[in-house]
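Here's the structure we're looking at; comments come further down.
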Amino acid sequence: MKTLPAVDVVIVGGGWTGLLMAKELGSRTPLSIVVLERGGPRKPSDYVADMDEVKYGIRHHMMQDFSKEAFTIRHSASDRAYPLRQLGNFLPGTGVGGSGEHWGGLCKRFLPDVFKILSRTIEKYGAKRLPEDHSLQDWGITYDDLEPYYTRAEQLLGISGQAGNLRGKLIDGGNIFEGPRSTDFPTPPNKIEYLGSLFRDATKSLGYHPYPNPSATISTTYTNPDGVSRPACAYCGFCSGFGCMIGAKAQPTTVLLPVIERHKNVSIRTGAWVHRILHEGSPTKGRARGVTYVDASSGEEIFQPAELVFLASFTLNNPRLLLLSGIGEPYDPATGKGTVGRNLNHQIIIPAVHMFLDKPLNRFMGAAGGVGISMDDLDADNFDHTNLPFLRGGVFRTFGDNLPIGSFGGVPQSIKARWGSEWKKTAIHYYDRAGQISFTGEHFSYKGNYMDLDPTYKDHNGDPLIRMTIDWRDNERRMVEFMVPKAVEIARAMGAKEFIPHLGLRHYEGTRYQSTTIKGGTIMGASPENSVVNTHLQHWQVSNLFVLGGSTMPYGAFLSPTLTMLAHSLRTADTIVNRYLKQPGALA
Ligand SMILES: Cc1cc2nc3c(=O)[nH]c(=O)nc-3n(C[C@H](O)[C@H](O)[C@H](O)COP(=O)(O)OP(=O)(O)OC[C@H]3O[C@@H](n4cnc5c(N)ncnc54)[C@H](O)[C@@H]3O)c2cc1C
């Protein structure tokens with residue numbers, strides 16, 4: 001194995017969190033920093049005139065190559081896990097920018113009570129109301145701790161939106177359920193597509209409080225505090241699943257790369273597939289020495305020594321690299337002991353109702369995912385659950401994206417023809433007269449939902465794949481039973497003539513896309529007994545190792561976790577610069 005000269009910092013993964021850390025440390029310190037990214041290089045100009053649904057939407061050109069590395073999945077520890085050989089429930093990215101290049105850009109802050117999920121729920125409803133096998137825990141950090149970093153993350157990305165709670169003052173038209181924000185959004189809300197305006201009017205007429213989605217696809221030209229300028233969204237419709245052709249959507253390559261490139265102390269090494277974190281000492285005490293990786297061009301295994309190691313390789317790979325490297329104690333669901341792999345969580349995300357209207361909706365215009373209208377009246381604990389058979393809730397929303405291939409073919413149930421010329425005629429008629437109200441619900445953490453190394457299946461390097469054991473419980477199923485009729489009521493108020501309500505949750509599906517926002521596995525907390533990293537994202541036992549991203553989130557709160565990941569990463573960067581570098585070691 002070849003050994004390279006040592007650097008100060010090595011960052012595994014060149015996506016949102018890895019490049020943000022590289023930008024922060026690169027511009028604020030003289031440290032030598034290397035980012036190791038398994039995929040290839042990327043730049044914003046790659047996306048100009050490349051709005052190709054077959055290439056990106058169907059053939060997943062920007063995503064992880066499952067022929068090299070997949071994961072296995074099962075519903076419970078007594079089932080056999082099977083490998084997914086095609087992308088399904090989520091679409092992890094590869095290459096510079098990671099999933100952040102083709103993300104949707106929905107950028108909502110988590111509600112304040114999410115960070116105190118266990119104590120607040122017990123306080124209000126009593127411990128007996130919690131599902132028997134839950135593994136909920138408070139995060140060890142509060143919304144107020146994170147608020148300044150939410151503000152910085154919003155300014156970095158230029159988030160467009162309408163404040164609903166400015167320093168405690170509730171503002172009509174914004175999300176009145178959001179936590180108090182110290183500043184307004186950096187840019188005004190986006191234009192709303194026609195379907196969204198119907199949803200907004202209908203939900204208002206039913207007494208709800210709709211608001212425009214906070215979006216990283218921006219409404220107006222914006223220059224961020226780093227001096228990076230981006231133009232306004234053109235509402236072209238090719239958004240989630242694509243890199244933005246004009247740079248209106250904040251992506252790591254548009255927001256972070258231009259700043260990183262100004263700093264000679266940071267380099268990004270592509271085609272560098274990290275295998276292991278080398279460390280000295282025992283699994284539960286020691287020091288990281290650096291990482292080994294396979295260089296894609298030569299096939300050679302290389303050791304990159306470093307003083308500080310950051311894992312930023314997405315939720316699937318952060319716990320996997322710890323497990324492969326023998327760092328920390330693997331979680332054992334039978335005894336509850338160990339921490340690496342625990343609290344795997346996702347979100348419920350379903351089309352609560354498909355609806356057919358009697359007028360064209362112009363749904364080819366819009367910006368999927370980020371831009372649209374949401375309502376939070378039935379989210380979290382924003383409504384009383386005393387007499388309901390479930391806890392917590394979720395968000396209803398509509399958004400604009402009617403891509404020509406993926407969105408074609410839906411017809412109302414009253415149409416009997418399922419093929420042939422009559423079906424074709426009807427499908428063309430309804431292509432632009434159909435839409436959905438999407439429901440995104442919270443997912444509790446359970447003792448039986450976790451990640452470990454698969455004993456059977458391996459990746460192209462011969463290393464065990466990560467195995468996900470995950471299923472819904474009655475709390476999620478009952479939540480959906482309650483929510484679907486609410487969505488139907490809204491669809492009626494929107495003037496839908498026919499609709500197809502969701503049939504209800506059964507088991508977690510690995511093959512249906514449900515958002516690339518899987519979380520947990522290396523969770524943060526206030527104690528090493530039940531978490532892998534402290535609230536500064538520092539490994540409890542290996543103090544020169546930090547873990548970034550969704551794997552550090554103990555709980556499956558709302559759909560858009562990325563803003564919260566970025567806020568946490570900014571807080572960690574502050575901690576490194578202001579505290580750790582002055583006195584390296586475990587942070588109190
Ligand atoms: C289609 C889509 C829509 C989305 N929409 C939204 C949204 O609207 N709102 C929201 O909040 N979030 C959304 N997300 C999720 C968002 O993209 C992720 O939360 C975010 O990118 C995670 O950042 P990260 O740095 O943890 O991982 P990533 O951005 O995925 O970066 C991880 C990087 O690590 C690299 N890597 C992995 N393993 C290794 C290894 N062994 N060696 C070297 N490199 C490695 C990967 O190649 C990748 O580049 C969406 C994602 C997708 C795919």
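In each ligand, atom 1 is the first atom listed, and ligand 1 is the first ligand listed. For this chain, numbers begin at 1 and follow the sequence in order. Source: prediction; values computed, not measured.
- Neither the backbone nor the side chain of Val96 comes within 4.0 Å of ligand 1, counting heavy atoms alone.
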May I have the list of side-chain donor-acceptor pairs in residues 103-115 shorter than 3.5 Å, sequence neighbours left out?
| from | atom 1 | to | atom 2 | distance (Å) |
| --- | --- | --- | --- | --- |
| Trp103 | NE1 | Gly100 | O | 3.3 |
| Trp103 | NE1 | Ala250 | O | 2.8 |
| Lys108 | NZ | Asp376 | OD1 | 3.4 |
| Lys108 | NZ | Asp376 | OD2 | 2.6 |
| Arg109 | NE | Glu154 | OE2 | 2.9 |
| Arg109 | NH1 | Tyr143 | OH | 2.9 |
| Arg109 | NH1 | Glu147 | OE2 | 2.9 |
| Arg109 | NH2 | Thr151 | OG1 | 3.3 |
| Arg109 | NH2 | Glu154 | OE1 | 3.0 |
| Asp113 | OD1 | Arg392 | NH2 | 3.1 |
| Asp113 | OD2 | Arg392 | NH1 | 2.8 |

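- Taking the side chain as every heavy atom from C-beta outward, Ser160 and Val371 never approach each other to under 4.5 Å.
- Checked against a 3.5 angstrom limit, the closest N/O atoms of Thr562 and ligand 1 fall inside it.
- With contacts defined as side-chain heavy-atom distances shorter than 4.5 Å, the pair Leu4/Val34 does not qualify.
- Polar contact with ligand 1: present for Thr94 (N/O pair, distance under 3.5 Å).
- Within the structure, the closest approach of Pro561 to ligand 1 falls below 4.0 Å when heavy atoms are considered.
- The shortest N or O to N or O distance between Leu321 and ligand 1 is not below 3.5 Å.
- Summary of contacts: the protein heavy atom closest to atom 44 (N) of ligand 1 is Arg38 N, 3.1 Å.
- Looking only at heavy atoms of the protein, atom 27 (O) of ligand 1 is closest to Phe314 CD1, 3.7 Å.
- For the pair Lys43 and Asp46, the salt-bridge criterion is met [side-chain N within less than 4.0 Å of a carboxylate O].
- The protein atom (non-hydrogen) at minimum distance from atom 40 (C) of ligand 1 is Val274 N, 3.7 Å.
- Of the protein's non-hydrogen atoms, Thr17 OG1, 3.7 Å is the one closest to atom 24 (P) of ligand 1.
- In this structure the side chain of Arg200 never reaches within 4.5 angstrom of the side chain of Tyr211, judged on heavy atoms.
- Relative orientation of the Phe90 and Phe71 rings is parallel, given thresholds of 30° and 60° on the angle between their planes.
- Only the backbone of Ala272 comes within 4.0 Å of ligand 1, counting heavy atoms alone; no side-chain atom from C-beta on gets that close.
- More than 12 heavy atoms of other shown residues, nucleotides or ligands fall within 6.0 angstrom of atom NZ in Lys458.
- Note that CG of Leu311 is 12.0 Å distant from CE of Met21, once rounded to the nearest 0.5 Å.
- Every atom of ligand 1 with a heavy atom of Gly104 under 4.0 Å away is listed here by number and element: 3 (C), 4 (C), 5 (N), 6 (C), 7 (C), 8 (O).
- For Phe242 and His102, the ring centers sit 6.0 Å or farther from each other.
- When the heavy-atom distances from atom 1 (C) of ligand 1 to Arg320, His102, Met21 are ranked, the shortest goes to His102.
- Checked by distance only, ligand 1 and Leu106 come closer than 3.5 Å through their nitrogen or oxygen atoms.
- Contacts with ligand 1 closer than 4.0 Å are made by side-chain heavy atoms of Asn317 only, the backbone lying farther away.
- Using 4.0 Å as the threshold, Gly105 has a heavy atom nearer than that to some atom of ligand 1.
- At a threshold of 4.5 Å between non-hydrogen side-chain atoms, the residues Met553 and Trp139 count as touching.
- With hydrogens left out, the protein atom closest to atom 14 (N) of ligand 1 is Trp103 CB, 3.8 Å, a heavy atom.
- Given atom 30 (O) of ligand 1, the protein heavy atom at minimum distance is Ser99 OG, 2.7 Å.
- When Met553, Glu37, Arg269 are ranked by how near their heavy atoms come to atom 48 (C) of ligand 1, first place goes to Glu37.
- Atom NZ of Lys2 is surrounded by 12 or fewer heavy atoms from other residues, nucleotides or ligands within 6.0 Å.
- With respect to atom 32 (C) of ligand 1, the closest heavy atom belonging to the protein is Ala312 O, 3.5 Å.
- For Trp16, a nitrogen or oxygen atom sits less than 3.5 Å from a nitrogen or oxygen atom of ligand 1, counting backbone and side chain alike.
- At a 4.0 Å heavy-atom cut-off, ligand 1 touches Ser313 through backbone and side chain alike.
- One distance of note links CD of Glu101 with CD of Gln251; it measures 4.5 Å at 0.5 Å rounding.
- Among pairs with a residue in residues 266-278, those fulfilling salt bridge (charged side-chain N to carboxylate O under 4.0 Å, His left out) read Arg276-Asp463, at least two apart in sequence or across chains.
- Within the 4.0 Å heavy-atom cutoff, Phe242 does not count among the residues contacting ligand 1.
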